[in-house]
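Numbers for residues simply follow the sequence, beginning at 1. Owing to the predicted nature of the structure, the values given are computational and were not obtained by experimental measurement.
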Amino acid sequence: QVQLAESGGGLVQAGGSLRLSCAASGRTFSNYHMGWFRQAPGLEREFVAAVSLNGLLTDYVDSVKGRFTISRDSAKNTVYLQMNKLKPEDTADYYCAAAPTWSNRRALKGNLYWGQGTQVTVSS
């Protein structure tokens, strides 16, 4: 069992930045590929970014490439999502997730553990 806890959400103006954090506890953090998903009101949860268990591979949805950066700190059992140049369409609840296989990183069912989410609101 892995417990995930997100933090760092909030209200920011368009063009601003936020850094989300996800602290992991329980089973070995380094055994999992970590990802971020988001869900806007009335929409399905979607993949945003992922980082491999060794930190060498990253993957982003096209809409955030060049603006968001995912990273992980194994010493702190924490994964981060640095979000720059935020847009109103980035407004959503953001969820941290842990996946056992890289090939399934983008699939909701491919992620075994989920956090409770943190809200991000970008005003225009």
Side-chain angles (χ1 to χ4, degrees):
Q1 191 82 4
V2 176
Q3 291 81 40
L4 302 173
E6 303 94 337
S7 62
L11 173 64
V12 64
Q13 289 187 334
S17 298
L18 282 175
R19 188 176 81 156
L20 306 182
S21 299
C22 173
S25 60
R27 300 187 68 176
T28 307
F29 175 70
S30 59
N31 285 348
Y32 295 92
H33 310 284
M34 299 299 297
W36 287 94
F37 290 73
R38 65 187 179 187
Q39 187 167 17
L43 299 180
E44 294 184 351
R45 192 172 298 188
E46 65 170 358
F47 169 81
V48 176
V51 59
S52 61
L53 55 84
N54 58 11
L56 296 181
L57 300 176
T58 57
D59 182 30
Y60 300 92
V61 68
D62 286 347
S63 59
V64 308
K65 284 181 180 178
R67 300 189 299 122
F68 291 11
T69 302
I70 188 171
S71 61
R72 64 191 296 162
D73 185 336
S74 294
K76 297 182 178 179
N77 282 2
T78 301
V79 61
Y80 303 98
L81 186 67
Q82 178 66 45
M83 305 186 295
N84 299 329
K85 299 179 182 178
L86 282 161
K87 304 175 180 180
E89 50 264 44
D90 294 318
T91 294
D93 291 326
Y94 283 71
Y95 298 87
C96 176
T101 62
W102 183 246
S103 60
N104 291 332
R105 63 194 178 279
R106 290 191 171 214
L108 297 181
K109 293 183 177 181
N111 286 267
L112 292 181
Y113 304 106
W114 294 85
Q116 293 300 307
T118 185
Q119 188 174 55
V120 172
T121 303
V122 184
S123 63
S124 56

Can you tell whether the side chains of Asp62 and Lys65 come within less than 4.0 Å, N to carboxylate O?
yes

Give me the atom names and distance for the closest heavy-atom approach of Val79 to Cys96.
CG1-SG, 3.7 Å

For the atom pair CD1 (Ile70) and CD (Gln82), what is the distance rounded to the nearest 0.5 Å?
12.0 Å

Return the minimal non-hydrogen interatomic distance between Pro100 and Gly110, and the atom names on each side.
CD-O, 3.4 Å

Shortest non-hydrogen contact from Glu44 toward Gln39:
C-CG, 4.1 Å

Distance col, row Ser123:OG vs Gln13:CD, nearest 0.5 angstrom, shows 5.0 Å

Quick one: which residue pairs count as a salt bridge (charged side-chain N to carboxylate O under 4.0 Å, His left out) with a foot in residues 72-86, not counting sequence neighbours?
none

Can you name the side chain to side chain donor-acceptor pair (under 3.5 Å) partners of Asp93, sequence neighbours left out?
none

Could you pull out the closest heavy-atom pair between Ala24 and Val2, with the gap in Å?
CB-CG1, 4.4 Å

Rounding to 0.5 Å, atoms CE (Met34) and CG (Leu81) come to a distance of 11.5 Å

Nearest 0.5 Å, please: how far is CG in Leu20 from OG1 in Thr78?
12.5 Å

Could I get the full list of side chain to side chain donor-acceptor pair (under 3.5 Å) partners for Ser52, not counting sequence neighbours?
Asn54

Shared ILVMFWY cluster between Leu108 and Trp36, side chains joined below 4.5 angstrom?
yes

For residues Ala14 and Ser124, report the shortest heavy-atom separation together with the two atoms involved.
CB-CA, 4.4 Å

Within the structure provided, determine whether Ser30 and Leu53 are in side-chain contact (heavy-atom separation under 4.5 Å).
no

Name the atoms and distances for all side-chain donor-acceptor pairs under 3.5 Å in residues 114-121, with sequence neighbours left out.
from, atom 1, to, atom 2, distance (Å)
Trp114, NE1, Asn111, O, 3.3
Thr118, OG1, Gly9, N, 3.1

So CD of Glu89 and OG of Ser63: to nearest 0.5 Å the spacing works out to 8.5 Å

What do the steps show when you test Met83 against Val12 for side-chain contact (heavy atoms from CB on, under 4.5 Å), and what is the final call?
CA-CA 11 Å; Met83 305 186 295; Val12 64; over 6 Å; no

Which residue pairs satisfy the ring pair (Phe, Tyr, Trp, His ring centres under 6.0 Å) criterion with at least one member in residues 41-61, sequence neighbours excluded?
Phe37-Phe47

Taking all non-hydrogen atoms of both residues, which atom of Ala98 and which atom of Tyr32 are closest, and how far apart?
CB-CB, 4.0 Å

Restricting to pairs with a member in residues 80-103, which pass ring pair (Phe, Tyr, Trp, His ring centres under 6.0 Å), not counting sequence neighbours?
His33-Trp102

For Thr91 and Val122, indicate whether the former's side chain and the latter's backbone hold a donor-acceptor pair under 3.5 Å.
yes

Are the side chains of Val64 and Arg38 in contact, using a 4.5 Å heavy-atom criterion?
yes

